[in-house]
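Residue numbering restarts at 1 for every chain, and letters A, B, ... go by the order of the sequence lines.
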Amino acid sequence: MSRKFTPKVVTANALLEGDVVYLTADNRWSRVHSEAELIEDEAIAELRLLDASARDSEVVGPYLAEARPGPNGPEPVHFREAFRARGPSNYPHGKQETQNV
Amino acid sequence: MYDYTDFDAAFVRERVAQFSAQVARRIDGSLTEEEFRPLRLMNGLYLQLHAYMLRIAVPYGTLNPRQMRQLAMIAETWDRGYGHFTTRQNIQFNWPKLPDVPKILSALADVGMHSIQTSGNTIRNVTADHFAGAAADEIEDPRPVAELLRQWSTDHPEFQFLPRKFKIAVTGSPNDRAVTRAHDIGLRMIRNDRGEPGFEVIVGGGLGRTPMIGPVIRDFLPKADLLPYCEAIVATYNMLGRRDNKFKARIKITVFENGLDKFRALVEERFQALRPQFGGADQALLAEIERAFAPPDYVQKPLAPYHAALTDPVFRAWADTNLSPHKNPDYAVVSISLKAHGETPGNASAAQMRLMADLAETYGHSELRVSHEQNIILPHVHRADLPALHAALKPAGLATANIGLISDIIACPGMDYCTLATARAIPVAQEIAQRFDALKLEHEIGPMKIKISGCINACGHHHVGHIGILGLDRAGVENYQITLGGDGTEDAVLGDKTGPGFAYDEVTDAVERIVRAYLEMRHDPSETFLATYRRLGPAPFKSALYQEADANAA
Ligand code: SF4
């Protein structure tokens, strides 16, 4: 049974700080979810994940996370990814310190 | 207080040096994450949702002021200015950067602390009653035994690759404050008919995915037999425990699948073989350790300042909830609440850590403890010093009078930090505490333990909460399952599931409905929530929890 592929972004944690990062279309690791490359095709997603996995000296644990298009770029779908994109709820630490998220 | 031996100190330094080199090799690309991950976990370094997390062992929850100040320094220098005290009496830093971790470990080694065996399938930090050495109801201080177990288990060659992690808790008092029945091995000190101290040994308790209250494997174990007996248990488990399925690998499953009788027979057989090999060396060591845990030099002075302060209602309220009876009637055990209403349970800022270190020195014979309920204990404070202590704690936000009350909530880091989480726990705790503070009901409600976990691993001990809350992911939405009537004491029971879960923004209302039902149904204010629940059973609480929604709709 084939399930319909839903759009994804490649995400991981930066090796040095552990901060959440996203793979951009031009192969940078961005700290901002909306700058991620939104991948709509399953085969490409797998390839992009392979690319990311090869960059073991930059990031830890890359994986594909569900995302959807938004007015300013890709947005997280699952609440876990929304928290990763923002930071913890008990203190204004993490990304919310430097970004308007 | 016990000082590490030279052997320990050298061992810790060596590990720091090794790990520093490993971090350098990871950063320069010569180690892959696959190679590095087990190494960092062996040193307590996890990667969480937003950053790395360093878990530091606080053996049996005991800290001295120098160590506490060093934790404050680490929090300020390499982290975000605070630390999180956990339900395993450890401390975690949530924001260390990988290149800084060797420096942190080295700063810890300077005060005899480390992160060894805070991860992996080994024997983890031995936890103990946080009132150890002070409680009025205690038979003996359990920490010498905990220290003996720590020395025996640290780097024990046979037990570095157990089927799964292994946790031991020990209490020196028949009143169990260490949740011994929810540990792989629980040791509860009791006296036999001849009045000799020994242990009731519990095996195969645990919370998590398959919660079990541990059965008693030995009614009475003489103190002298402790090490060979524990070794026999762990060795039997090491042989019998399942390595094919992670979810069936804990000793609770081993005991359950083999049956307690068979497991016991194997342990006893092994014990008989091991016992002669110990040959008394362990007892000589224990005697030496016991001397290092000698009680402080208690002082004698008039109690007048204490009695005078009791007329102050604020001091009085704090004294009523945050003090526990000490062996020396002129003294009290002080619980410093890390649960100010609306704050993160278990968190202390660097400034708070320093203040607690100073106050421990001034008023507390230089002793501090971390409790599994995520508070800090000053175990030995003369009652005459309590008013001054209270006055010093107050401006720092450390004088909340809520120990054992509804806002003294245990909450795991949940999805604000933990990668394994299925939902958040901290903001749920914050909101419940704020609600009952606003309602001004918490003292009227009386003893109440709310415990919250962000996933079925149950680090927040929700199964043994009077009200337990478990955060789950139901079809992409946070959902909270409520259990009632759990108890983590010597009469441990698992809470009963109530029914369908609640959305994130419904949890506090749900808790309030349960609490209001209790207030209506209790005989009188002396009947606690737990007693009322045991008398009436779950039915009336469930109907309060679920039917009110219907009533509102009608
Ligand atoms: S209970 Fe789950 S979410 Fe909470 S700390 Fe443990 S593993 Fe993480």
Side-chain angles (χ1 to χ4, degrees), chain A residues 3-4 6-22 29-33 49-68 75-99 101, chain B residues 23 25-37 40 45-54 79-82 84 94-101 342-345 347 349 411 413-431 473 475-478 504:
Chain A
R3 271 177 61 210
K4 195 176 162 293
T6 51
K8 301 281 189 302
V9 297
V10 176
T11 179
N13 291 78
L15 174 65
L16 296 185
E17 306 89 354
D19 192 13
V20 175
V21 292
Y22 304 94
W29 289 109
S30 168
R31 313 262 155 167
V32 187
H33 192 286
L49 181 59
L50 273 180
D51 291 345
S53 307
R55 296 168 70 174
D56 187 66
S57 58
E58 298 166 32
V59 297
V60 182
Y63 64 95
L64 293 170
E66 223 176 304
R68 63 177 155 235
E75 292 172 357
V77 172
H78 193 274
F79 62 88
R80 183 177 194 270
E81 292 306 319
F83 295 146
R84 284 181 81 239
R86 188 192 70 200
S89 40
N90 60 330
Y91 297 119
H93 291 161
K95 294 187 185 302
Q96 50 204 334
E97 269 174 313
T98 48
Q99 296 167 19
V101 286
Chain B
V23 168
R25 298 213 315 276
R26 175 72 183 105
I27 291 173
D28 75 16
S30 19
L31 280 180
T32 64
E33 182 62 20
E34 204 184 335
E35 292 161 333
F36 181 64
R37 187 171 179 274
R40 69 169 158 78
L45 186 64
Y46 289 71
L47 183 58
Q48 295 210 298
L49 280 185
H50 314 289
Y52 288 95
M53 177 271 279
L54 184 66
D79 208 86
R80 302 306 310 260
Y82 75 94
H84 175 72
N94 283 324
W95 302 94
K97 294 187 167 64
L98 182 59
D100 294 334
V101 173
E343 295 295 328
T344 304
N347 279 14
S349 69
M415 207 184 270
D416 288 303
Y417 298 92
C418 179
T419 34
L420 302 172
T422 42
R424 286 172 293 174
I426 291 169
V428 175
Q430 290 173 305
E431 193 182 305
D473 174 350
V477 182
E478 286 171 295
Y504 175 74

**Student:** Output the option from A/G94, A/S57, A/S89 having the highest count of non-hydrogen pairs under 4.5 Å with chain B.
**Tutor:** A/S89
**Student:** Counting only N and O atoms by type, is there a donor-acceptor contact under 3.5 Å from the side chain of A/R80 to the main-chain atoms of B/T419?
**Tutor:** yes
**Student:** Tell me which of these, B/E34, B/R424, B/Q48, has more heavy-atom pairs under 4.5 Å with chain A than the rest.
**Tutor:** B/R424
**Student:** Between B/R37, B/E478, B/Q430, which shows the greatest number of heavy-atom pairs under 4.5 Å with chain A?
**Tutor:** B/E478
**Student:** Going by salt bridge (charged side-chain N to carboxylate O under 4.0 Å, His left out), name the pairs with one or both residues in residues 10-19 of chain A, residues two or more places apart or in two chains.
**Tutor:** A/E17-A/R31, A/D19-A/R31, A/D19-A/K95
**Student:** I'd like to know whether B/T344 forms a side-chain contact (heavy atoms from CB on, under 4.5 Å) with A/Y91, so could you lay out the CA-CA distance, the side-chain angles of the two residues, the decisive distance to 0.1 Å, and finally the verdict.
**Tutor:** CA-CA 9 Å; B/T344 304; A/Y91 297 119; 3.9 Å; yes
**Student:** Heavy atoms under 4.5 Å from chain B: which residues of residues 58-65 of chain A carry them?
**Tutor:** A/V59, A/V60
**Student:** When only pairs under 4.5 Å are counted, which of B/T422, B/I426, B/L47 shares the most heavy-atom pairs with chain A?
**Tutor:** B/L47
**Student:** Is the side chain of A/D56 donor-acceptor paired with the backbone N or O of B/E33 at a distance under 3.5 Å, no angle test?
**Tutor:** yes
**Student:** Would B/Y52 and A/L15 count as a side-chain contact (heavy atoms from CB on, under 4.5 Å) here? Give the steps.
**Tutor:** CA-CA 9 Å; B/Y52 288 95; A/L15 174 65; 3.8 Å; yes
**Student:** For a side chain to side chain donor-acceptor pair (under 3.5 Å) check, start with the C-alpha distance between A/H78 and B/D473, then their side-chain angles and the critical distance, and finish with the verdict.
**Tutor:** CA-CA 10 Å; A/H78 193 274; B/D473 174 350; 2.7 Å; yes
**Student:** Verify the distance criterion only: is there a donor paired with an acceptor across the side chains of B/N94 and A/H93 at less than 3.5 Å?
**Tutor:** no
**Student:** Evaluate B/Y417 against A/N90 for side-chain contact (heavy atoms from CB on, under 4.5 Å), listing each step before the verdict.
**Tutor:** CA-CA 10 Å; B/Y417 298 92; A/N90 60 330; 2.7 Å; yes
